[in-house]
There are 2 protein chains.
Amino acid sequence: MNPLSLQSAIGILDSGVGGLTVAKEVLRQLPREKILYFGDTCRCPYGPRTPAEVRQFTTEIVHFLSGYSMKALVIACNTATAVALESIRQQFSIPVLGVIEPGARAAIKASRQGRIGVIGTQGTVKSEAYHRALKLIDPDLVVVSHACPALVPLVESGSGDTDHARSIVKKELLPLKEYELDTLIMGCTHYPLISDWIQREMGPSVTLISSAEETARELSTVLQHKGLLTDQTMESLEPMDHHFFTSGTPESFRRIAESWLGHSVRVEQVILDTLTNHTAG
Amino acid sequence: MNPLSLQSAIGILDSGVGGLTVAKEVLRQLPREKILYFGDTCRCPYGPRTPAEVRQFTTEIVHFLSGYSMKALVIACNTATAVALESIRQQFSIPVLGVIEPGARAAIKASRQGRIGVIGTQGTVKSEAYHRALKLIDPDLVVVSHACPALVPLVESGSGDTDHARSIVKKELLPLKEYELDTLIMGCTHYPLISDWIQREMGPSVTLISSAEETARELSTVLQHKGLLTDQTMESLEPMDHHFFTSGTPESFRRIAESWLGHSVRVEQVILDTLTNHTAG
């Protein structure tokens with residue numbers, strides 16, 4: 001890895017564009033820190049892939065990012081966090097954060113009755129990673145996990161707040177209604193984009209947790225406690241100080257990134273040597 | 001310091017009983033961790049004392065707590081955090097958290113317009129510690145700090161929600177109303193006890209930040225990232241596993257602690273060698 005300094009970047013990786021919700025929060029909560037974002041768009045989604053494949057892809061991306069000077073890494077993808085976080089932590093000496101522990105911890109803080117729901121992709125729910133992270137800290141919690149496979153396509157379709165969209169959200173969340181939850185973790189980076197709809201369906205007594213916001217918050221904590229906050233002069237950075245990489249088509253990545261982040265971005269396409277097939281699984 | 005293990009305790013120190021709001025959150029958010037609490041009741045309040053005195057008192061308490069096996073320390077007092085945190089961090093190798101950085105970071109996460117207010121004792125406001133912590137991370141924030149000396153006596157008087165109490169809160173917060181704040185940090189451990197009154201006065205568009213909740217949350221993050229979470233069997237602890245020390249009268253400390261925490265506590269009186277006078281000046 002390149003020499004580390006306080007001006008080194010925060011690496012953020014995701015299977016595609018979903019992790020841009022985390023990147024946006026890092027840029028907002030740590031406006032003086034530089035980011036390097038890698039979206040593995042051409043191998044997205046990771047959800048249906050085997051754990052071994054996801055670990056391999058994640059390791060490849062971290063090796064690529066290590067060619068730059070990087071002082072911390074965020075795995076901004078729930079699936080990759082669930083299966084690859086520990087292995088990446090063992091391989092690299094910089095602080096490595098996933099999105100699951102911050103979401104779990106924020107839910108514990110928010111929950112008053114200790115009744116916590118988790119929604120995510122089938123891969124994330126099957127891994128039980130949120131369940132483990134929550135129970136590790138508080139074994140007395142009631143935790144209900146539920147896969148909502150129809151929500152990511154709904155977000156990606158860019159559907160408006162139509163009757164059809166409402167009926168999908170209602171149907172996906174229905175099984176959670178009987179548990180009297182007080183807190184719900186949106187365990188997929190796409191969900192914050194429809195958090196209003198989820199909130200309306202769950203009702204005002206349920207606190208929604210966005211892993212994106214919470215991960216940026218924990219990154220700030222970890223950087224400060226490791227003495228790694230930038231010591232740059234007291235200026236926020238400019239959009240072009242950051243760097244975005246995609247394994248897919250730069251134009252479509254740029255279009256989505258600029259729309260989500262609200263400013264122009266510098267995007268480069270990267271062909272990783274061992275990139276495997278483009279099937280979307 | 002005694003040998004450290006994953007079953008070692010979390011030390012929490014305060015000038016008196018105010019830090020029990022932090023202790024309560026640590027017990028709630030980390031129910032498997034053991035705490036050692038020191039309330040320096042006989043030298044309370046720290047607010048009007050000189051920084052050198054506060055640093056000396058804080059160091060004495062940490063030395064006392066070090067006689068136990070302690071894996072992390074929380075300075076649960078805004079005044080002591082403002083003037084003694086750095087010095088304690090330099091003297092002890094375990095992670096040391098104050099209440100100011102977590103409150104600042106939570107405010108940055110919560111704030112949408114970047115207009116953040118801070119209320120605290122005169123000592124805390126004069127130290128500008130919140131201002132520095134906020135600006136270090138985001139120099140573009142608008143930060144308005146305001147001392148509210150009448151609020152701690154109001155809390156301590158145990159006054160109900162009377163017209164008189166309302167008028168005090170209204171008067172103390174009035175100078176903040178013109179700044180169109182979107183977030184307000186309650187920079188004193190007493191304030192969360194009257195957060196309903198503060199919220200009513202500031203209006204629903206202002207998000208209140210409780211340093212107590214946020215500090216417990218950051219403690220959980222730091223313990224996990226340092227590999228220091230307990231590896232005890234999957235059980236929550238019992239009230240008597242924790243230990244409370246006071247430099248004042250144990251009976252009155254016990255009464256307040258049991259009332260705030262909602263369970264019985266084990267309290268011991270401690271006479272520190274160099275304890276100085278009891279004046280509350």
Side-chain angles (χ1 to χ4, degrees), chain A residues 25-33 72 85-86 89 94-98 100-102 104-114 132-141 209-210 212-237, chain B residues 25-33 72 85-86 89 94-98 100-102 104-114 132-141 209-210 212-237:
Chain A
E25 281 298 317
V26 171
L27 294 172
R28 188 178 74 81
Q29 295 183 42
L30 288 164
R32 298 169 62 210
E33 301 292 343
L85 179 65
E86 283 315 313
R89 277 188 177 154
I94 57 173
V96 181
L97 286 82
I100 290 176
E101 290 163 0
R105 210 172 340 262
I108 289 170
K109 174 168 92 69
S111 177
R112 295 292 146 179
Q113 276 86 45
R132 275 199 308 279
L134 289 160
K135 292 282 197 174
L136 172 72
I137 293 174
D138 186 353
D140 294 333
L141 294 171
I209 302 296
S210 155
E213 279 187 20
E214 303 303 335
T215 301
R217 158 78 186 279
E218 293 215 352
L219 174 63
S220 179
T221 309
V222 171
L223 289 181
Q224 189 150 33
H225 277 268
K226 303 250 179 190
L228 289 173
L229 283 176
T230 180
D231 59 355
Q232 279 287 56
T233 54
M234 294 289 275
E235 297 284 327
S236 298
L237 296 177
Chain B
E25 281 297 317
V26 171
L27 294 172
R28 186 178 76 80
Q29 295 184 42
L30 289 164
R32 299 169 61 208
E33 301 293 342
L85 179 65
E86 284 314 315
R89 278 188 176 154
I94 57 173
V96 182
L97 286 83
I100 290 176
E101 290 164 0
R105 212 174 336 262
I108 289 170
K109 174 167 92 69
S111 176
R112 295 292 146 179
Q113 277 85 45
R132 274 198 310 280
L134 289 161
K135 291 281 196 176
L136 173 71
I137 293 175
D138 186 352
D140 295 333
L141 294 171
I209 302 295
S210 154
E213 280 188 19
E214 303 303 336
T215 301
R217 157 80 186 279
E218 293 217 351
L219 174 63
S220 178
T221 308
V222 171
L223 290 181
Q224 189 151 33
H225 277 267
K226 302 253 180 189
L228 289 174
L229 283 175
T230 180
D231 59 356
Q232 278 287 56
T233 53
M234 295 290 275
E235 297 283 328
S236 296
L237 296 178

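Proteins get letters first, then strands, A, B, ... in listed order; numbering begins at 1 in each. Quantities reported herein were computed from a predicted structural model and do not represent experimental measurements.
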For this session: Determine the option with the most heavy-atom pairs under 4.5 angstrom with chain A, choosing from B:Glu33, B:Lys226, B:Glu213.
Result: B:Glu213

Checking [X] against chain A: side chain, backbone, both or neither under 4.5 Å from a heavy atom?
X        : answer
B:Thr230 : neither
B:Gln224 : side chain
B:Ile108 : both
B:Ala216 : neither

Exercise. For the atom pair CD (A:Gln29) and CZ (B:Arg105), what is the distance rounded to the nearest 0.5 Å?
Worked result: 9.5 Å

Problem set entry | Reported CG-to-CZ distance for the pair A:Leu85 and A:Arg89, which is rounded to 0.5 angstrom | 4.0 Å

For this session: Spell out, as yes or no, whether a donor-acceptor pair under 3.5 Å connects the side chain of A:Lys135 to the backbone of A:Leu141.
Result: yes

For this session: Determine yes or no for a side-chain-to-main-chain donor-acceptor pair under 3.5 angstrom, with A:Arg32 supplying the side chain and A:Leu237 the backbone.
Result: no

For this session: Return the set of residues passing salt bridge (Lys or Arg N to Asp or Glu O under 4.0 Å) with B:Arg217 (not counting sequence neighbours), or none when no residue passes.
Result: A:Glu214, A:Glu218

Exercise. Hey, which of A:Ala106, A:Ser111, A:Pro95, A:Pro102 has the most heavy atom pairs under 4.5 Å with chain B?
Worked result: A:Ala106

